[in-house]
Amino acid sequence: MPELPEVEGVVQALKPKVEGRTIQHVQLSERVHFSFSEGKQCIVKQAEPDAFELTLSEMTITKIERRAKYIFFHLLKDEVPYVLVSHLGMTGAWFVVNSPEDINEAKFQKHIHATFKMADGGYLIYSDIRRFGELRFLAKIEDHIPLTKMAPEPFDELACEFFITKSTLPKYANKAVKEVIMDGQVISGCGNIYATEALFAQKIHPARKMNRISEKRKRALFEEIVAVLRQSIEAGGSTISDYRNINGEAGSMQNRLKMYGKKICPACETATSQMTIGGRTSSFCPNCQH
DNA sequence: GCGAGTTACCGGTGGC
DNA sequence: TGCCACCGGTAACTC
């Protein structure tokens, strides 16, 4: 499950290998084409697969950047800028290879959905086992409303104040703190793993109502989220199930997690509890977190 | 018009 | 061994 640190790793790895290169042509999988004919939008959103393939050919990838858990591929063709927005969903992965056969993990090899043949040889490939990811071609970011509503990057100096202000709004008052910090319009890029870890570190019960948390604790919680995200970026991300970096390597942050996926609290050895908050499984220590 | 709630999108995995 | 419920990030839809 790629979260912000994993996406950051992907972007840092892609940049030197892909920026400045030109796409010769794009080939989407049979599945993508078939789904579209069935009225579904498998991976490629709001575009006809045929048109998507044609449009992207001969575009130059000028810059790649991460925003929350999205990857923005900035493109240029005939001096007109465009952007390809990628979200990895649950199981998406990018590969830069000489040949599609070079993807040696069978699961990813089997689920290749977009193959970008580069003009100078080699391939940029998007593989996605469960197809929860998305590729969205836009003239500009603002053309997709949800992208314009995202909270600032958590590392942005204004992000903490943004969180304090936003989380105080009436609509969040009676919501569980975990649901609020995982809302991309309040804090961007904080998914289940890191929300779980930060709440455990701050000894806050994930179901605690937002309006029952003091501003001081909110600030401490925000700083904790930033710290956990930074630590994970340094560790190459968490490898939970299917995440791989573009070289097919796993990260090591999963070894540093203290609560996510744990049966026993590492602090007090009490059995952990699970509950569903905002539709997601949430682990916590009933003894340490209040 | 906005917010809350629901549904769609999926195949690997773990439990039985 | 085989079946089946479960899992989850985001958008889009309905009410």
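Letters go in sequence order (proteins before strands), and every chain restarts at 1. Computed from a predicted structure; not experimentally measured.
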Under 3.5 Å, which N/O atoms of the protein pair with N/O atoms of nucleotides 14-16 of chain B?
none

For this session: Please name all residues satisfying salt bridge (charged side-chain N to carboxylate O under 4.0 Å, His left out) with Arg217(A), sequence neighbours left out, ordered by chain then number.
Result: none
For this session: Not counting sequence neighbours, which residues clear salt bridge (charged side-chain N to carboxylate O under 4.0 Å, His left out) with Glu215(A)? List them please.
Result: Arg219(A)
Exercise. Given that Lys110(A) and Gly39(A) both sit by DNA chain B, which one's nearest nucleotide is further toward the 5' end?
Worked result: Gly39(A)
Problem set entry | Contacts of Ser29(A) that satisfy side chain to side chain donor-acceptor pair (under 3.5 Å) - sequence neighbours left out | His113(A)
Problem set entry | Side chain Arg130(A) and base dC7(C) donor-acceptor under 3.5 Å | yes
For this session: Could you walk me through whether Arg67(A) and Glu153(A) pass the salt bridge (Lys or Arg N to Asp or Glu O under 4.0 Å) test, one step at a time?
Result: CA-CA 7 Å; Arg67(A) 178 75 174 86; Glu153(A) 279 296 296; 3.1 Å; yes
Exercise. Can you give one letter per nucleotide of nucleotides 3-8 of chain B, 5' to 3': B if a protein heavy atom sits under 4.0 Å from the base, S if only from the sugar-phosphate, - if neither?
Worked result: -S----
Exercise. Salt bridge between Glu6(A) and Lys69(A), side-chain N to carboxylate O under 4.0 Å?
Worked result: no
Would you tabulate the pairs of protein nitrogen or oxygen atoms and nucleotide nitrogen or oxygen atoms of nucleotides 3-5 of chain C closer than 3.5 angstrom?
none

Exercise. Other hydrophobic cluster members with Leu54(A), side-chain heavy atoms of Ile/Leu/Val/Met/Phe/Trp/Tyr under 4.5 Å, chained?
Worked result: none
Exercise. Distance only, no hydrogens: is a donor on one side chain within 3.5 Å (strictly under) of an acceptor on the other, for Ser127(A) and Lys110(A)?
Worked result: no
Output the rounded distance in Å from [atom1] ([X]) to [atom2] ([N]).
{"X": "Asp128(A)", "N": "dG8(C)", "atom1": "CG", "atom2": "P", "result": "17 Å"}
{"X": "Leu135(A)", "N": "dC9(B)", "atom1": "CG", "atom2": "C1'", "result": "14 Å"}
{"X": "Ile43(A)", "N": "dC10(B)", "atom1": "CD1", "atom2": "P", "result": "8 Å"}
{"X": "Ile129(A)", "N": "dG8(C)", "atom1": "CD1", "atom2": "P", "result": "17 Å"}
{"X": "Ile277(A)", "N": "dG9(C)", "atom1": "CD1", "atom2": "P", "result": "13 Å"}
{"X": "His113(A)", "N": "dC10(B)", "atom1": "NE2", "atom2": "C1'", "result": "10 Å"}
{"X": "Met150(A)", "N": "dG9(C)", "atom1": "CE", "atom2": "C1'", "result": "13 Å"}
{"X": "Glu3(A)", "N": "dG9(C)", "atom1": "CD", "atom2": "C1'", "result": "9 Å"}

Taking only N and O in the side chain of [X], is any of them less than 4.0 Å away from OP1 or OP2 of [N]?
{"X": "His111(A)", "N": "dC10(B)", "value": "no"}
{"X": "Thr281(A)", "N": "dG8(C)", "value": "yes"}
{"X": "Lys69(A)", "N": "dG8(C)", "value": "no"}

Exercise. Is the ring centre of Phe132(A) under 5.5 Å from the base ring centre of dC9(B), and are the two planes under 30° apart, so that they stack?
Worked result: yes
Exercise. Under 6.0 Å between the ring centres of Phe137(A) and Tyr82(A)?
Worked result: yes
For this session: Determine whether the aromatic ring centres of Phe108(A) and Trp94(A) lie less than 6.0 Å apart.
Result: no
Problem set entry | Pairs meeting criterion ring-ring contact (aromatic ring centres under 6.0 Å, His included) with involvement of residues 165-187 of chain A, two or more places apart | none
For this session: Could you tell me which residues satisfy ring pair (Phe, Tyr, Trp, His ring centres under 6.0 Å) with His87(A), sequence neighbours excluded, listed by chain and number?
Result: Tyr70(A)
For this session: With sequence neighbours excluded, tell me which residues meet side chain to side chain contact (heavy atoms under 4.5 Å, CB included) with Lys45(A).
Result: Gln41(A), Glu134(A), Arg136(A)
Exercise. Should the heavy atoms of other residues, nucleotides or ligands under 6.0 Å from NZ of Lys63(A) be counted, would the total exceed 12?
Worked result: no
Distance-only donor-acceptor hits, side chain of residues 174-184 of chain A, under 3.5 Å, sequence neighbours excluded:
from: Lys178(A); atom 1: NZ; to: Asn192(A); atom 2: OD1; distance (Å): 2.7
from: Lys178(A); atom 1: NZ; to: Ser282(A); atom 2: OG; distance (Å): 2.7
from: Asp183(A); atom 1: OD1; to: Gln185(A); atom 2: N; distance (Å): 2.8

Taking only N/O atoms, report every protein-nucleotides 11-15 of chain C pair under 3.5 Å with atom names and distance.
from: dA11(C); atom 1: OP1; to: Tyr70(A); atom 2: OH; distance (Å): 2.4
from: dA12(C); atom 1: OP1; to: Gln46(A); atom 2: NE2; distance (Å): 3.3

